[in-house]
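The structure appears below as structure tokens.
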Amino acid sequence: MRLLFLHPMYLILFTLPVMAFLWGFVGYLLFKRIWPVLILTSVISMIFIFVYTGFDLSNLYWVLLMTALAFVSSGLSKVIHVHVQEKKREKPL
């Protein structure tokens, strides 16, 4: 059985962006703030990209892309969380 999601091209173009997007949702629910999610995403992405590419700075845009995906999904998670909390407060007893 071939592990397609571990192939380098598939890993960079599909697996890591999906993981960053999902991490944005999960990270916001864990920390209840967006900034820790973005900092962790940036640091982990930098470590992974630099180790994977041999400290090549030309791939820094992938770090920015992963951080942007985590930011978008954290923002969506925050909007959904705030909306659900408002709906719970509006319900009459």
Side-chain angles (χ1 to χ4, degrees):
M1 179 178 183
R2 293 179 59 199
L3 298 175
L4 183 62
F5 64 91
L6 291 178
H7 186 272
M9 227 24 194
Y10 194 79
L11 181 71
I12 291 173
L13 293 177
F14 182 73
T15 305
L16 291 177
V18 168
M19 287 174 59
F21 195 78
L22 292 176
W23 163 244
F25 278 108
V26 172
Y28 178 78
L29 295 176
L30 286 174
F31 298 117
K32 301 292 188 225
R33 291 193 173 122
I34 293 176
W35 295 112
V37 175
L38 296 180
I39 292 169
L40 280 172
T41 304
S42 297
V43 169
I44 292 170
S45 295
M46 263 190 228
I47 291 169
F48 180 78
I49 290 295
F50 288 149
V51 168
Y52 191 73
T53 62
F55 295 95
D56 184 13
L57 292 177
S58 66
N59 292 319
L60 195 60
Y61 61 90
W62 286 109
V63 173
L64 298 175
L65 177 69
M66 297 305 154
T67 305
L69 284 172
F71 178 71
V72 167
S73 62
S74 293
L76 286 173
S77 183
K78 182 176 182 174
V79 168
I80 292 169
H81 182 69
V82 168
H83 182 70
V84 167
Q85 293 300 322
E86 287 177 0
K87 288 293 183 184
K88 283 183 181 178
R89 276 190 237 132
E90 289 178 3
K91 282 188 176 180
L93 294 174

(request) Supply the atom-to-atom distance Ile80 CD1 to Phe25 CZ, rounded to the nearest 0.5 angstrom. (result) 5.0 Å

(request) Check the angle between the aromatic planes of Trp35 and Phe71 and answer parallel, tilted or perpendicular using the 30° and 60° thresholds. (result) tilted

(message) By the definition side chain to side chain contact (heavy atoms under 4.5 Å, CB included), identify the one residue from Leu38, Leu40, Val43 that meets it with Thr67.
(response) Leu38

(message) Are there over 12 heavy-atom neighbours, none belonging to Lys87, within less than 6.0 Å of that residue's NZ?
(response) no

(request) Mind listing the closest non-hydrogen atom pair of Gly24 and Ser74 along with its distance? (result) O-OG, 3.1 Å

(message) Please tell me whether Val26 and Tyr28 are part of a single hydrophobic cluster in this structure, the criterion being side-chain heavy atoms less than 4.5 Å apart.
(response) no

(message) Hydrophobic clusters here meaning ILVMFWY residues chained together by side-chain heavy-atom distances under 4.5 Å, can you tell me if Ile49 and Leu60 are in one?
(response) yes

(request) Using the rule that two of Ile, Leu, Val, Met, Phe, Trp, Tyr join whenever any of their side-chain heavy atoms come within less than 4.5 Å, decide whether Val79 and Val72 are in one cluster. (result) no

(request) Considering non-hydrogen atoms only, spot the tightest contact between Thr41 and Ala70 and give its length. (result) OG1-CB, 3.6 Å

(request) Measure the spacing between CE of Met66 and CG of Leu64 and express it to the nearest 0.5 Å. (result) 10.5 Å

(request) Can you spot which of Phe48, Trp62, Tyr10 makes a side chain to side chain contact (heavy atoms under 4.5 Å, CB included) with Leu16? (result) Phe48

(message) Quick check: is Leu13 connected to Leu65 through a chain of hydrophobic side chains (ILVMFWY, heavy atoms under 4.5 Å apart)?
(response) yes

(message) Once rounded to the nearest 0.5 Å, what's the spacing between atom CD1 of Ile34 and atom OG of Ser73?
(response) 9.0 Å

(message) Can you give me the closest heavy-atom contact between Leu69 and Ala20, atom names plus distance?
(response) CB-CB, 4.4 Å

(request) Calculate, to the nearest 0.5 Å, the distance between atoms NE2 and NZ belonging to His83 and Lys78 respectively. (result) 16.0 Å

(message) Can you confirm whether Asn59 sits close enough to Phe50 that some side-chain heavy atom of one is under 4.5 Å from a side-chain heavy atom of the other?
(response) no

(request) Kindly work out whether a path of hydrophobic side-chain contacts (I/L/V/M/F/W/Y, heavy atoms less than 4.5 Å apart) joins Ile47 to Val63. (result) no

